[in-house]
Amino acid sequence: MITREECMVLDASDELAALRHEFTLDEHEIYLDGNSLGPLSKSVRLRVNEVLDDEWGRGLVRSWNDAGWMAAPTRLGDRIAPLIGARPGEVLVADTLTFLLAKLVGAALAQRPERHVVLTDVANFHSDIYIIRAVCARAGRPITVKTIDRNTLDSELNDDVALVELTQVDYRTGESLDMKGITAKVHDAGALMLWDFAHSAGAVPLDVTDADVDFAAGCTYKYLNSGPGGPGFLYIRESWQGILENPLPGWLGHARPFDFELDYQPAEGVQAFVTSSPSMIALAALDGALDVWDHVTMQQVRAKSLALTDLFIALVEERMPGLFDVVTPREHERRGSQVALRHSEGYGIIQALIDRGVVGDFRAPDICRFGFTPLYLRYVDVYDAVDRIAQVMASESFRDAKFAVRHAVT
Ligand SMILES: *Cc1c(COP(=O)(O)O)cnc(C)c1O
């Protein structure tokens, strides 16, 4: 049996332990939903206040020049780059993820004009599928979007496939896909590869350079903790820059926005994928949120993430054998930073757990999802969370009618 004391020993030697104090957390609550919305950190508060009081409050319009607001999308992109294995100048912070996918899908289709198929995963996040279909429907030539079982990708790839879009860590099951192997196969078929890093950035070490990824996009409000609706980021490999065209051009992606020319001329590099004014307060929050990442390596984060998820799975199986189907892969190389437990009463279980101070979330039709974020979670939190899950299961409190009420956000 794994004991609470053993977990406390692990916490005592945890080199990331001190980072927990950077975050606003309720001591009575165990937050296992940082994969949906990361918590507030002290540095976010500081940086946002600085932008409010000094840059906007006092500097007003001068701050576009004096405070470097214009450069913020690429400066913050360069701060995210090391987290995904990108080089400086390859990452841009702008818009939100779904919009960035629209830009990248549209841009990629124009690079494979003789091809008519886009492949994506039938288990993908719905927003990805909606926007891919919408962009393809307006591509100016017939494009078939095939939502496939990703395990059949090999047999779907052929010389009519223009683009493959996959989410690197499955948002439901937490399965992490082999980015390098899949990208290589897609390239062998002459197609382009677009990765969605929504559940990967800040969760698993990524190396877009080594994997020769063409394009990627992700969000910052999940594992990167930039706050609700925080901006997204995109990655465009250097060799595509200057070739790939932004299908939604705007003045701030122009080479000389203040010349007010009517003919669009793209700026150099990823800046061409900026459409409109950067949302400076949201970018300030991201800037602050990234400070925490200056103190850790993705390898440290990964090691603790695997230890936390291993511990959670072991405790669930030890305390509640056979009660849940552990959907998340056991093999480390196939696991993201979350654990998904399948149960037909999943919705009520999550509501009953939130009532007991364990915040996870539910993903239809039957997945209880628990995110593990090494920056602020302790081993003892994992122990206590499983203890409370065991209480909910033993008491069957999840059957209470009040836990059946469906909220807009699950
Ligand atoms: C969270 C998530 C999104 C969200 O997109 P937004 O446009 O930022 O709201 C998109 N795709 C996946 C796979 C996600 O997990």
Side-chain angles (χ1 to χ4, degrees), residues 32-39 73 76-77 80 83-84 91-106 118-135 145 147-148 150 163-177 179 182 193-204 206 208 213 215-235 248 273 275-276 278-279 282-283 285-286 289 327-328 335-340 359-364 367-373 408-410:
L32 303 182
D33 213 3
N35 51 327
S36 188
L37 177 65
L76 292 177
I80 290 176
L83 298 176
I84 64 167
V91 180
L92 176 77
V93 172
D95 311 311
T96 37
L97 175 51
T98 308
F99 285 98
L100 295 175
L101 292 174
K103 288 180 174 178
L104 291 171
V105 171
V118 171
L119 301 177
T120 187
D121 183 356
V122 70
N124 208 344
F125 195 71
H126 45 352
S127 197
D128 294 43
I129 294 177
Y130 301 158
I131 200 73
I132 291 169
R133 285 185 182 146
V135 171
V145 179
T147 50
I148 63 165
R150 62 186 177 235
L163 175 72
V164 178
E165 192 264 8
L166 293 172
T167 295
Q168 198 269 326
V169 173
D170 185 301
Y171 79 101
R172 263 198 214 93
T173 66
E175 179 181 355
S176 172
L177 308 188
M179 184 163 83
I182 292 174
M193 185 71 217
L194 166 58
W195 286 101
D196 180 329
F197 287 160
H199 293 277
S200 312
V204 295
L206 297 166
V208 288
V213 170
F215 322 116
C219 43
T220 62
Y221 51 80
K222 292 172 178 165
Y223 291 91
L224 298 180
N225 314 312
S226 74
F233 68 88
L234 61 67
Y235 162 81
L248 295 173
F273 277 72
T275 300
S276 46
S279 188
L283 288 175
L286 172 62
V327 178
T328 302
R335 191 189 307 163
S337 197
Q338 65 172 66
V339 177
V359 182
D361 61 22
F362 172 74
R363 287 294 174 263
I367 298 285
C368 300
R369 197 173 68 151
F370 302 97
F372 293 87
T373 46
V409 176
T410 62

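For ligands, and for the atoms within them, numbers begin at 1 and follow the listed sequence.
- Met179 has its side chain out of reach of Ser200: every pair of non-hydrogen atoms, C-beta onward, lies at least 4.5 Å apart.
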Report the C-alpha distance between Arg363 and Ser36 in whole Å, list the side-chain angles of each, state the deciding distance to 0.1 Å, and finish with yes or no for side-chain contact (heavy atoms from CB on, under 4.5 Å).
CA-CA 11 Å; Arg363 287 294 174 263; Ser36 188; 4.1 Å; yes
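- Lys222 NZ, 1.5 Å is the protein heavy atom nearest to atom 1 (C) of ligand 1.
- Considering both main-chain and side-chain atoms, Thr98 comes within under 3.5 Å of ligand 1 through a nitrogen or oxygen pair.
- For the residues Asp128, Asn35, Leu101, the heavy atom positioned nearest atom 11 (N) of ligand 1 is part of Asp128.
- Both the backbone and the side chain of Leu97 come within contact range of ligand 1, each with a heavy atom under 4.0 Å.
- The Tyr221 neighbourhood of ligand 1 comprises atoms 1 (C), 4 (C), 5 (O), 6 (P), 8 (O), 9 (O), with distances under 4.0 Å to a heavy atom of that residue.
- From the protein, the heavy atom lying nearest to atom 3 (C) of ligand 1 is Phe125 CE2, 3.4 Å.
- Qualifying ring-ring contact (aromatic ring centres under 6.0 Å, His included) partners for Tyr221, counting only residues two or more places apart in sequence or in other chains: none.
- Near Ala198, with a cut-off below 4.0 Å to any heavy atom, the atoms of ligand 1 are 2 (C), 12 (C), 13 (C), 14 (C), 15 (O).
- Residue-level proximity to ligand 1 for Phe99 is absent, since no heavy atom of it falls below 4.0 angstrom.
- Listed for the Gln168 side chain is no donor-acceptor partner under 3.5 Å among the backbone atoms of Ala198.
- Using a distance-only test at 3.5 Å, with no hydrogens or angles considered, no donor-acceptor pair links the side chain of Thr98 to the main chain of Ser127.
- Residues satisfying the side chain to side chain contact (heavy atoms under 4.5 Å, CB included) criterion with Ala285, sequence neighbours excluded, are Val44, Val48.
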Go through the steps for Trp195 and Tyr235 under the test side-chain contact (heavy atoms from CB on, under 4.5 Å), then give the verdict.
CA-CA 9 Å; Trp195 286 101; Tyr235 162 81; over 6 Å; no
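- Short contacts between ligand 1 and Asp196, defined as distances under 4.0 Å to a heavy atom of the residue, involve ligand atoms 11 (N), 12 (C), 13 (C).
- Paired with Glu165 under the rule side-chain contact (heavy atoms from CB on, under 4.5 Å), one option of Asp121, Asn124, Leu119, Ile129 passes, and it is Asn124.
- Within ligand 1, the atoms closer than 4.0 Å to a non-hydrogen atom of Thr167 are 13 (C), numbered from 1 in the order shown.
- By the 3.5 Å distance cut-off applied to N or O atoms, His199 is counted among the residues near ligand 1.
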